[in-house]
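Reviewing the structure listed below.
Worth knowing before you read on, the calculation uses all heavy atoms, side chains too, and leaves out hydrogens, waters and symmetry mates. Counting from 1, the numbers follow the sequence of the chain as shown.
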Amino acid sequence: QVQLVESGGGLVQVGGSLRLSCAASGRTFSSYAMAWFRQAPGKEREPVAAIRRSGVLTDYADSVKGRFTISRDNAKNTVYLQMNSLKPEDTAVYYCAASLATNPVMARSGYDYWGQGTQVTVSS
């Protein structure tokens, strides 16, 4: 198994940038596909971005495509989410998730392990 801890959230103005980090424990980080999800108050948790074990293949929700970038550093057991051109609708708790599947479905059921979340607030 793996434990995940997110960091880097905070308050940012519209158009600003943040970089979220997700630190994974253990020695099996490279065995997991990783993803970022987010959940706004009163809404369902939704996928944001996903990355394969190799870090080569990535996928993004249409709402963040061109603005967010997911990456991973397997040597550091860390996955990142670079968020640019932030909008108020990006405000949510952001969660890091891990899956042992090669290409998990981009849904909550596709992932096995979750971090505690970090708050991102975009003010206008």
Side-chain angles (χ1 to χ4, degrees):
Q1 63 175 307
V2 63
Q3 288 79 47
L4 307 173
V5 180
E6 303 96 334
S7 63
L11 177 65
V12 65
Q13 294 183 359
V14 170
S17 298
L18 283 175
R19 188 177 76 160
L20 306 183
S21 298
C22 174
S25 67
R27 301 168 63 184
T28 60
F29 178 71
S30 62
S31 298
Y32 295 89
M34 303 294 297
W36 289 94
F37 287 70
R38 67 186 182 187
Q39 187 167 19
K43 306 194 74 173
E44 296 295 319
R45 192 170 300 185
E46 64 178 8
V48 175
I51 189 166
R52 296 282 195 93
R53 290 185 283 233
S54 67
V56 175
L57 298 177
T58 58
D59 195 21
Y60 299 92
D62 287 342
S63 59
V64 307
K65 199 169 297 181
R67 299 188 298 119
F68 291 10
T69 302
I70 188 171
S71 61
R72 68 191 297 162
D73 187 338
N74 287 346
K76 295 182 177 180
N77 285 7
T78 303
V79 62
Y80 305 95
L81 185 68
Q82 178 66 48
M83 305 185 294
N84 299 325
S85 301
L86 284 162
K87 306 174 181 179
E89 50 263 46
D90 295 319
T91 295
V93 176
Y94 283 72
Y95 296 90
C96 180
S99 174
L100 285 169
T102 300
N103 185 26
V105 295
M106 278 300 293
R108 193 167 183 174
S109 61
Y111 288 81
D112 307 299
Y113 304 100
W114 297 84
Q116 82 288 348
T118 185
Q119 177 71 47
V120 172
T121 302
V122 184
S123 65
S124 59

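- Annotation: Glu89, atom CD; neighbour count of heavy atoms from other residues, nucleotides and ligands within 6.0 Å is above 12.
- Every side-chain hydrogen bond (donor to acceptor under 3.5 Å, both in side chains) that Thr102 has, sequence neighbours left out, goes to Arg53.
- The nearest pair of heavy atoms linking Thr58 to Ile51 is CG2-CG1, 3.7 Å.
- Between the CE atom of Met34 and the CG atom of Leu81 there is a distance of 11.5 Å, given to the nearest 0.5 Å.
- For Ser31, the side-chain hydrogen bond (donor to acceptor under 3.5 Å, both in side chains) criterion is met by no residue, not counting sequence neighbours.
- One distance of note links CG of Asn77 with OG of Ser30; it measures 8.0 Å at 0.5 Å rounding.
- Listed by chain and number, the residues in a salt bridge (charged side-chain N to carboxylate O under 4.0 Å, His left out) with Lys43 amount to none (sequence neighbours excluded).
- In this structure, CD1 on Ile70 lies 12.0 Å from CG on Leu57, to the nearest 0.5 angstrom.
- Nearest heavy atom pair, residue Val79 against residue Trp36, reads O-CZ2, 3.8 Å.
- Between Ala33 and Pro104, the shortest heavy-atom distance links the atoms CB-CD, 3.8 Å.
- Nearest approach of Ala61 to Pro47, heavy atoms of both residues: CB-O, 3.6 Å.
- Tyr94 and Tyr80 sit in two unconnected hydrophobic clusters of ILVMFWY residues. Membership requires side-chain heavy atoms under 4.5 Å apart, directly or through other members.
- Annotation for Tyr95: hydrophobic cluster partners, listed by chain and number, are Phe37, Val93, Met106, Tyr111, Trp114 (ILVMFWY side-chain heavy atoms under 4.5 Å, direct or chained).
- Within the structure, salt bridge (Lys or Arg N to Asp or Glu O under 4.0 Å) pairs that include any residue of residues 69-82 do not occur (at least two apart or interchain).
- Remark: Gln119 engages Thr121 in a side-chain hydrogen bond (donor to acceptor under 3.5 Å, both in side chains) (not counting sequence neighbours).
- Residues meeting the side-chain contact (heavy atoms from CB on, under 4.5 Å) test with Thr69, sequence neighbours left out: Tyr60, Gln82.
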N/O donor-acceptor pairs under 3.5 Å from side chains in residues 1-22, not counting sequence neighbours:
unit_1, atom_1, unit_2, atom_2, d
Gln1, OE1, Gln3, NE2, 3.4
Gln3, OE1, Ser25, OG, 2.6
Glu6, OE1, Gln116, N, 3.0
Glu6, OE1, Gln116, NE2, 3.4
Glu6, OE1, Gly117, N, 2.9
Glu6, OE2, Cys96, N, 2.7
Glu6, OE2, Gly117, N, 3.3
Ser17, OG, Asn84, OD1, 2.9

For this session: Test Asp112 against Tyr32 for side chain to side chain contact (heavy atoms under 4.5 Å, CB included), laying out the working first.
Result: CA-CA 10 Å; Asp112 307 299; Tyr32 295 89; 5.7 Å; no
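- Residues passing the salt bridge (charged side-chain N to carboxylate O under 4.0 Å, His left out) test with Arg38 are Glu46, Asp90, sequence neighbours excluded.
- A distance of 10.5 Å separates OG of Ser123 from CG of Leu86, quoted to the nearest 0.5 Å.
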